[in-house]
Amino acid sequence: NLSLPFNETDDSAESLLGPVSLFEPHTLVPVTAVCVVLFLLGVSGNVATLLVFWSFREMRTTTNLYLSSMALSDILIFAGLPFDLYRLWRYRPFPFGDFLCRFQFYLSETCTYATILHVTALSMERYLAICFPLHAKTLVTKDRVQRVIGALWAVSMATAGPVFFLFHMEGQECRQTEEAVTSGLLHTLTWLSTLYFFLPLACLSLLYGLIGRKLWRSRGQVGGPHARGRERSHRQTIRILVLAVLSFALCWLPFYVGRIFFSSVAWATWAGQEVESLYAASQSFNLAAMLLFYLGACVNPVLYNLLSARYRRHGRQHVCVMGQ
């Protein structure tokens, strides 16, 4: 989202001005420090999640299959952080070539869509497991979940495909294509990707409302020797997932608001309107939104560690095994 308005630069200006930064060093230094911390926490935390889930057979549940795939998505999201930092410090010249110019945005969009779809699918699985447990036993199997996860990644890659063609190298700069802005394609895809966020969020609100009603009504009504343990396990899983969804919504909402803000400014710039103050505001807003976006990609392992005793126990066991 961080880029120049289209009419501010041309090749001759680029050659005269040389490297250009979007922000002053007193802003970039603390932002970079925060990004480095988020990168280290996010990558190490999500790698640890994958190791814990796949090193112990007990942890290879259908829920953890989804969480493992989400951890992989978060790791791939962090692959774009070095490019974002570079463009913050020097958006011109962009030395990595046209393919990486396009691919960094495509990868980020794919992983963003994948995370949204995984959270939604996982919540639907929990809804089935709690509200329709007998049906869930036959419908929710590891093989079927693995196929669903593959389908979610395929849909994410396909629907993010147009993003690959929205950007290109123009002179020394990686930026949106002129056609994407003038044709309205950028604005349209921005709104479509926003719906990709808000529609699943509405679905999640409905699902967790139904789950909460079911758990509230079933308090003390379930029987059997293992009923209390199952109910406690359900409640702990839902607590983790609800917090994960809330953190996902709060951290990623500014990202989507910032996209709409920036695409509107880009459209107004091409229309010849004076939007310098709005452009500066959109860039500052998107800077804060970028930090929250990456925070959202590293918060899940923290939640697992805080709320799941089983995760902590197996994490310690894995550390002991590695130490030996």
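Computed from a predicted model, the values in this text were never measured in an experiment. Scope of the values below: all heavy atoms of this structure, side chains included, with no hydrogens, waters or symmetry mates.
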- Tell me, with the steps shown, if Phe96 and Cys174 meet side chain to side chain contact (heavy atoms under 4.5 Å, CB included). CA-CA 9 Å; Phe96 305 107; Cys174 177; over 6 Å; no
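- Between the side chain of Ser73 and the backbone N or O of Cys111, at least one donor-acceptor pair lies under 3.5 Å.
- Without hydrogens or angle criteria, Asn300 side chain to Leu67 main chain gives no donor-acceptor distance under 3.5 Å.
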Distance-only criterion, 3.5 Å: show the donor-acceptor pairs between side-chain atoms of residues 245-255 and protein atoms not counting sequence neighbours.
from	atom 1	to	atom 2	distance (Å)
Ser247	OG	Leu243	O	3.2
Ser247	OG	Ala244	O	2.8
Trp252	NE1	Phe293	O	3.3

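- Between the side chain of Lys142 and the main chain of Leu65, no donor-acceptor pair closer than 3.5 Å is present.
- Screening Leu122, Leu206, Leu210 for a side-chain contact (heavy atoms from CB on, under 4.5 Å) involving Tyr127 leaves a single residue, Leu210.
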Can you give me every donor-acceptor pair (side chain of residues 195-204, partner residue at least two apart or in another chain, under 3.5 Å) with its distance?
from	atom 1	to	atom 2	distance (Å)
Tyr196	OH	Thr159	OG1	3.2

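- Heavy atoms only, all atoms of each residue included: Pro93 and Pro95 are closest at O-CD, 3.4 Å.
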Report, one line per pair, each donor and acceptor closer than 3.5 Å where one atom sits in a side chain of residues 30-44; sequence neighbours left out.
from	atom 1	to	atom 2	distance (Å)
Thr32	OG1	Leu28	O	2.7
Thr32	OG1	Trp89	NE1	2.8
Ser44	OG	Leu40	O	2.5
Ser44	OG	Leu41	O	3.3

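- Looking at every heavy atom in both residues, Trp54 comes nearest to Arg60 through O-NH2, 2.9 Å.
- Using modelled atom types, no side-chain atom of Tyr113 and backbone atom of Leu152 make a donor-acceptor pair closer than 3.5 Å.
- At a threshold of 4.0 Å, the pair Asp98-Arg102 counts as salt-bridged, since one of the basic side-chain nitrogens sits closer than that to a carboxylate oxygen.
- A 4.5 Å side-chain heavy-atom check between Phe105 and Leu166 finds every atom pair outside the cut-off.
- Phe53 is listed as a side-chain neighbour of Met59, based on a closest heavy-atom distance under 4.5 Å.
- In terms of heavy atoms, Lys214 sits closest to Ile130 at CE-O, 3.6 Å.
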- Evaluate side chain to side chain contact (heavy atoms under 4.5 Å, CB included) for His118 paired with Trp153, printing each intermediate quantity in order. CA-CA 9 Å; His118 277 71; Trp153 277 104; 3.6 Å; yes
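- Taking the six-membered ring where the residue is Trp, His135 and Phe132 present perpendicular rings, their angle passing 60° and hence far from 30°.
- Distance check: Cys131 SG to Arg213 CZ gives 8.0 Å after rounding to the nearest 0.5 Å.
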